[in-house]
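Have a look at the structure below before the remarks.
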Amino acid sequence: MSLLGIALLVALCIPIIGLLLDSSIAKALAQRLERREPPTEPLDTDLQRRFDLLEGDVEVLQHAVQELREENQFLQRLLEDSRHRPALPLDGG
């Protein structure tokens, strides 16, 4: 292979490498490598206890939100039904 052939090969490889490094596959691979975290130490007992308490609080709040959502739907249905019903006559006597 002549010197001209090697120079041509290198000249053609530069844009190909640039395209590969700028591709979405290379970006995804870089993000995956950045996301890798070093192995963490086990949580100490106080932190684990606090974490468990927070998980319990979140579950309670989710349940409360679900109940509020159901009550709101019920009240909305009552309001819709009352709009479609005729008003009760007032007894003047």
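Remember, predicted model here, so these are calculated numbers, not experimental data.
Rounding to the nearest 0.5 Å places CG of Leu8 at 6.5 Å from CG of Leu4. In this structure, CD in Gln76 is found 13.0 Å from CD in Glu71, a value given to the nearest 0.5 Å. Within the model, atoms CG of Leu75 and CG of Asn72 stand 6.5 Å from one another, a figure rounded to the nearest 0.5 Å. Note that CD of Gln73 is 12.5 Å distant from CG of Leu78, once rounded to the nearest 0.5 Å.
The only member of Asp44, Asp52, Thr45, Asp46 that meets side-chain hydrogen bond (donor to acceptor under 3.5 Å, both in side chains) when paired with Gln48 is Asp52.
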Carefully, step by step, assess Arg77 and Glu80 under the rule salt bridge (Lys or Arg N to Asp or Glu O under 4.0 Å).
CA-CA 5 Å; Arg77 282 194 304 264; Glu80 288 296 319; over 6 Å; no

In sequence, state the C-alpha distance, the side-chain angles, and the governing distance for Glu67 and His63, and then conclude on side chain to side chain donor-acceptor pair (under 3.5 Å).
CA-CA 6 Å; Glu67 286 180 350; His63 183 68; 2.9 Å; yes

